[in-house]
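The residues of the chain are indexed from 1 along the displayed sequence.
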Amino acid sequence: MKRVFSDLFKTDGPLVALSPMAGFSCVTYRRICHENGCDFSPTELTSARSVVMNGVSKSFRFMNIDPEGEGVTCIQLFGNTPSDFSEAIKIICEDERLSRVDVFDINMGCPVQKVVKTGAGSALIKTPLLAARIVSESRKTAESYGKFLTVKTRTGFSFDDDSGPEFASMLADSGAQAVCVHGRTASQMYSGKADWEKIRKMRERITDPDVYFWGNGDVTGPSSARKMIEVTGADGIMVGRSACGNPWIFRSIKEAFQNRNVNITSVETDCVTLSEKCDMLMNELDGRIGEVGERIAVCEMRSVMPHYIKGIPGASVMKAALCRASTRMEVRQILDNCLKEEDGRC
Ligand SMILES: Cc1cc2nc3c(=O)[nH]c(=O)nc-3n(C[C@H](O)[C@H](O)[C@H](O)COP(=O)(O)O)c2cc1C
């Protein structure tokens, strides 16, 4: 029997995913997001070449999965050579810690110069024949292990690039079982507004109903999530930056999707208390300490912690203090002081 991507999920309605983000999408945070309603969360990008050259150990941390904790699992790979992807998929599927992965996602959207100059990431938008071979060969290998193959890309490479719809159609024809489109071109990086109209045009060119389509870019809560689906015709949405330090966003979007008549403004309202934010921050920190130890976890959390406290009174002073912290205890003290001040204000 033919298996399609959406069969992996038990949910009705649009799926809500955490967009892969280097530095944020660690296994701990993906688990937290899943506990808060997120359906799917690929790992951050890992080099297929590195897996081929060094085995899984060197990049294990970035590919680490937790099928019990995060639901459907997905490892994202980047590269420029079809055989690297096939070989990397084979190596991962034969590693006992990673063999339960459900999906491989190919990155065709990364705009970072270090990646683009090798012909990988978003550079593949400019070489559609190579991109097609990467998809078809990877799909063949993934399928031989019972895994799915998906692609994440952008609306084009440069500002005036109108190849997006053709590229989307090629991805589906070459064997991608789901396609995610971020509504910016590579030259835009992360600036400007995501162009949902361009996403719609790419969506329209994927006519096979078995190929799942994710819309991505500038979804910030329930109303923009609904709008993304309405405007683009996407099957599901991926949330990137608005989910940093904000795992609660998934539940509110899911509720809005499930409850068609719900008053959007009521679920949009930020009803998470400061104490809940502090608890969640510590929860993520503790999970990361379990992954990489206290020193590295606290250091890596310096770019994550400001997202948890965004918008609270005194956030900038607190952010500066958190960014200097080097132990779990220091972080806890900074949060406790803030909670004490908050109590004083009440
Ligand atoms: C810090 C950061 C790291 C990212 N890393 C990845 C990555 O590893 N793989 C990927 O496909 N996209 C990556 N992205 C892009 C996001 O997945 C997403 O497509 C983009 O942020 C647009 O969604 P948003 O407007 O909801 O943030 C990254 C984005 C950011 C901000």
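By the 6.0 Å contact criterion, CE on Met53 is open, its count of non-hydrogen atoms from other residues, nucleotides or ligands being 12 or less. Open room surrounds CG on Asp12; 12 or fewer heavy atoms of other groups in view lie less than 6.0 Å from it. In this structure, Arg295 places its CZ atom where only 12 or fewer heavy-atom neighbours from other residues, nucleotides or ligands lie under 6.0 Å away.
What you find for Val52 and Ile91 is that their closest heavy atoms are CA-CD1, 3.9 Å. Nearest heavy atom pair, residue Met21 against residue Arg241, reads SD-N, 3.8 Å. Closest of all the heavy-atom pairs between Arg203 and Asp235 is NH2-OD2, 3.1 Å.
Taking CG of Asp66 as the start and CZ of Arg30 as the end, the distance is 8.5 Å to the nearest 0.5 Å. Atom CE of residue Met170 and atom CD1 of residue Ile125 lie 9.5 Å apart, to the nearest 0.5 angstrom. Distance check, rounded to the nearest 0.5 Å: NZ of Lys152 to CE of Met108 gives 12.5 Å.
The shortest distance between side-chain heavy atoms of Met238 and Phe40 falls below 4.5 Å.
A cation-pi contact links Arg97 to Phe60, judged by a cut-off of 6.0 Å to the six-membered ring centre and 45° from its axis. For the pair Lys147 and Phe104, the NZ or CZ position fails the cation-pi test of under 6.0 Å to the six-membered ring centre and within 45 degrees of the ring normal.
For an aromatic pair to be called close, the ring centres must be under 6.0 Å apart, and Phe250 with Trp248 fails this.
Formation of a donor-acceptor pair under 3.5 Å by the Glu143 side chain with backbone atoms of Phe148 is not found in this model.
Ring pair Tyr190/His182 is parallel by interplanar angle, where below 30° counts as parallel and above 60° as perpendicular.
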Ser86 vs Thr141, side-chain hydrogen bond (donor to acceptor under 3.5 Å, both in side chains): CA-CA, chis, key distance, verdict: CA-CA 6 Å; Ser86 297; Thr141 312; 3.3 Å; yes
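Taking hydrophobic clusters as Ile, Leu, Val, Met, Phe, Trp and Tyr residues chained together by side-chain heavy-atom distances below 4.5 Å, Ile249 shares a cluster with Val304. Under the 4.5 Å side-chain contact rule for hydrophobic residues, Leu45 and Phe24 do not share a cluster.
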